[in-house]
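Here the structure is a predicted model, which is why all the values come from computation and not from measurement. Just so we're on the same page: letters track the sequence lines, and every chain starts at 1.
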Number of protein chains: 2
Amino acid sequence: MEPTIKQLRYLLSVSQAGSFRGAAERLDIAQPTLTAQINTLESKLGVTLLERSRQGAQLTPAGRSFIPFIETILEQVASIGRLAKEADGSLIGTYRLGVPPTLGPYFLPEVIPTIHQSFPGLKIFVRENAPRDLEVGLLHSEYDFIITTLPMEIPNLSIEPLFNEPLVLVCAPDHAFAEQDAVKPDDLHGENLLAIEEKHRLFDLMQTIALQFSARLLRDYEGTSLDTLRHMIGTGLGIAFLPALYVKSEITPRKDVISINFDGPTFARGVALAWRPGSRRAELYKQIAQIMRTVSHDTLSDHITLNMQTTGYDGGRL
Amino acid sequence: MEPTIKQLRYLLSVSQAGSFRGAAERLDIAQPTLTAQINTLESKLGVTLLERSRQGAQLTPAGRSFIPFIETILEQVASIGRLAKEADGSLIGTYRLGVPPTLGPYFLPEVIPTIHQSFPGLKIFVRENAPRDLEVGLLHSEYDFIITTLPMEIPNLSIEPLFNEPLVLVCAPDHAFAEQDAVKPDDLHGENLLAIEEKHRLFDLMQTIALQFSARLLRDYEGTSLDTLRHMIGTGLGIAFLPALYVKSEITPRKDVISINFDGPTFARGVALAWRPGSRRAELYKQIAQIMRTVSHDTLSDHITLNMQTTGYDGGRL
DNA sequence: TTCATAGATAGATAAATACTATCACATAAA
DNA sequence: TTTATGTGATAGTATTTATCTATCTATGAA
């Protein structure tokens, strides 16, 4: 057997009131009820907690020693109640957001402030992972929602498209392309094309590009991150197509590598917000997606293309 | 409405097991019972705590935020249970012992170690107060038990006599009495007799002595403690009858004042242990009283007289 | 004594809790 | 595809628990 919160509260009340009757009145219950509860509590614990007399009731030394525990228990219970009361807009708790490492650091800083402005109580814990692991992790409830790139591998996940992020051609400043106004598709023929590790979905897209333009994909020199890729490009190892938001964030402000106009078809990866279907927080996620789209439109429209249709979205694949 | 410990435990169990069925089995209850309890908990709090799916159940961000609170609550409850289990010999908790300032410091150090040896788990909080306040405080549950001097003013308190503590004649080393082998009752005639403040019951006894031997009670110079009384005696202000245990503890080891043989009737105050009648810890108090008597007999029999009769005890009054 | 008030008790009722049996759905294996 | 297994939800019932009203006994104060 185990004590009840109610019984503990009753005991505390009697100890404060100094009598069963007084406590019963304060608790708005009948005195026999109180007596019964205290009795069952005492027999459950096997300890006499109160010393009854005609003058009232006082704690025994044993009963006194329980009071601190009871007080913290009641405090914690009150905290739960308070917390639950605040949870009107389901803004309670910490939401775990998963993002691909090739996108998160260059996109989230743009939108997080606005999200916090719209949902002041919302706490978001961000963790990076490859899109594949993000989707599996979402299914296994390691994340509450994720930003991932299309196409998704796991079906039956609710998604809200955000935007298409084009890939931008990047080369070293001393590369021949640096002189040209625009690079034509034929110019890529035989060029050394660098790519990121295969576990990133971005790799597939880079591979598609290499294939389409007969460029040579340097598989022995795959970058473990976009930053290492940038350094490799800077040493003249090759050229690469990098995500536009990364270029905006890490290429444009520096001079070690440069971006070039590419006079050919635009390659882009689709970016979407996803969560487990049936989640009652779907409405919140949709609002967050809307904020992300709005901010993207307002501050990033030079770099990405927005695609607002929410059905039949093909993920921006070519 | 308020959550139940049971419901909180159920929630925690589901979150750990990852499914209702698994948790139900672990909790040894039926799954519908678990479902019902979680449902009522959710509706009570007004928050969705678990995300159900065909694969099991996972905490929502809100539910996750409650877990730390729930864990501390369950820990505290477990602590209460553990504490109660230890409370076999009612040795749990802290017992508040009240003692007169004219006795406690000179008697307790002799017996406390033995008490702790006999009851290793017993914690005793000692507070000093005048016997009158001790008795009232005992009645009002400010103390669990007291050492007091007889006769008691409040009836219907359970008492266990301990011993009689004689009063010993004390004077300055340069007083005429210091030369005598023994002081006779007639010698006290007209002597300046010092006494402690009236609020101490010891005052009554000192007054009785002064009256009986026609000594002069210096009421303008009442000591606030036995120690101040000792200092007053040392300056030659007068002589006094002081409790034997005080004399043993504070007079004999020093040279500032000396004790003298008094060739007259022995005055003594009765000392007893007292508690509220009906207390279920009476047995413990009786055992403590027995220890006090035994220790007194073994180590203090040169200074006090033991009176083992437990009924019809007159408190050592003359 | 008389009165007010303390906790204890008896008996009835309402509420909460638990169970069994079953359903509907999803996933994985045959 | 079919089947088996596992998920949570639901219906209905039995039991346990919590609560109430009415009453009792004992104590302390007026």
Side-chain angles (χ1 to χ4, degrees), chain A residues 1-11 13-44 48-60 63 136 139-141 154-158 276-280, chain B residues 1-11 13-15 17-44 48-60 63 136 139-141 154-157 276-280:
Chain A
M1 294 276 268
E2 189 173 59
T4 306
I5 290 179
K6 197 177 293 185
Q7 290 166 352
L8 299 180
R9 181 187 305 287
Y10 286 2
L11 175 63
S13 196
V14 172
S15 84
Q16 289 169 343
S19 77
F20 279 68
R21 283 187 124 92
E25 187 173 0
R26 190 188 301 183
L27 291 166
D28 200 30
I29 60 173
Q31 169 259 318
T33 302
L34 226 192
T35 299
Q37 288 300 322
I38 297 288
N39 284 345
T40 63
L41 178 60
E42 283 184 326
S43 66
K44 267 195 279 198
T48 303
L49 300 167
L50 288 168
E51 185 180 314
R52 288 89 159 162
S53 75
R54 304 298 164 187
Q55 286 76 43
Q58 300 290 333
L59 285 172
T60 62
V136 174
L139 206 62
H140 291 9
S141 291
I154 294 182
N156 300 329
L157 287 175
S158 298
R276 285 182 296 283
S279 168
R280 305 204 185 166
Chain B
M1 293 277 268
E2 186 172 61
T4 306
I5 289 179
K6 198 176 292 185
Q7 291 166 351
L8 299 180
R9 181 187 305 286
Y10 286 1
L11 175 63
S13 195
V14 173
S15 83
S19 77
F20 279 68
R21 283 188 125 92
E25 187 173 358
R26 192 187 303 183
L27 290 166
D28 200 29
I29 59 172
Q31 168 260 318
T33 302
L34 224 193
T35 299
Q37 286 300 325
I38 298 288
N39 284 345
T40 63
L41 178 60
E42 282 183 328
S43 66
K44 266 195 280 198
T48 303
L49 300 167
L50 288 167
E51 185 180 312
R52 288 89 158 160
S53 75
R54 303 298 165 189
Q55 287 75 43
Q58 300 289 334
L59 286 171
T60 63
V136 174
L139 206 61
H140 292 8
S141 292
I154 294 182
N156 298 331
L157 287 176
R276 286 182 296 283
S279 167
R280 303 204 188 166

J.: Rounded to the nearest 0.5 Å, what's the gap from OG1 on A:T40 to OH on A:Y10? Could you check?
T.: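 If we round to the nearest 0.5 Å, A:T40:OG1 and A:Y10:OH are 10.5 Å apart.
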J.: Sequence neighbours excluded, which residues qualify as side-chain contact (heavy atoms from CB on, under 4.5 Å) partners of B:A30?
T.: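 Per chain and number, B:A30 pairs via side-chain contact (heavy atoms from CB on, under 4.5 Å) with B:P32, B:T33.
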J.: Supply the atom-to-atom distance A:E42 CD to A:L50 CG, rounded to the nearest 0.5 angstrom.
T.: 6.0 Å
J.: Once you round it to whole Å, what is the distance between P of C:dA4 and CD of A:Q31?
T.: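 To the nearest whole Å, that distance equals 18 Å.
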J.: Taking all non-hydrogen atoms of both residues, which atom of A:S13 and which atom of A:L27 are closest, and how far apart?
T.: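 Heavy atoms only, the tightest pair is OG-CG, 3.6 Å.
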J.: Can you give me the closest heavy-atom contact between A:T60 and A:E51, atom names plus distance?
T.: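 Of all heavy-atom pairs spanning A:T60 and A:E51, the closest is CG2-N, 4.0 Å.
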J.: For the residue pair B:I29 and B:K6, establish whether any side-chain heavy-atom pair is separated by less than 4.5 Å.
T.: no
J.: Hey, are the side chains of A:T4 and A:L41 touching, using non-hydrogen atoms and a 4.5 Å cut-off?
T.: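 A:T4 vs A:L41: side chains apart.
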J.: Would you say the side chains of A:Q7 and A:Q37 form a donor-acceptor pair under 3.5 Å?
T.: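 Yes - a donor-acceptor pair under 3.5 Å links their side chains.
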J.: Under the side-chain contact (heavy atoms from CB on, under 4.5 Å) test, which residues partner A:S53, sequence neighbours left out?
T.: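 By the side-chain contact (heavy atoms from CB on, under 4.5 Å) rule, A:S53 matches A:Q55.
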J.: With a strict under 4.0 Å distance from non-hydrogen atoms of chain A, what nucleotide opens and what nucleotide closes the contacted stretch of DNA chain D, reading 5' to 3'?
T.: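 Footprint of chain A along DNA chain D, 5' to 3': D:dA18 to D:dG28.
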J.: Does anything in residues 14-30 of chain A pair up under side chain to side chain donor-acceptor pair (under 3.5 Å), and if so which pairs, sequence neighbours excluded?
T.: none
J.: Atom pairs under 3.5 Å, N or O on each side, protein against nucleotides 13-17 of chain C: can you list them with distances?
T.:
from, atom 1, to, atom 2, distance (Å)
C:dT17, O5', B:Q37, NE2, 3.4

J.: Using a heavy-atom distance cut-off of less than 4.0 Å, which residues of residues 20-30 of chain A contact DNA chain C?
T.: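 Those residues whose heavy atoms fall under 4.0 Å from DNA chain C, taken from residues 20-30 of chain A in numerical order, are A:F20, A:R21.
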J.: Using OP1 and OP2 only, check whether a side-chain N or O of A:R52 sits under 4.0 Å from C:dA8.
T.: yes
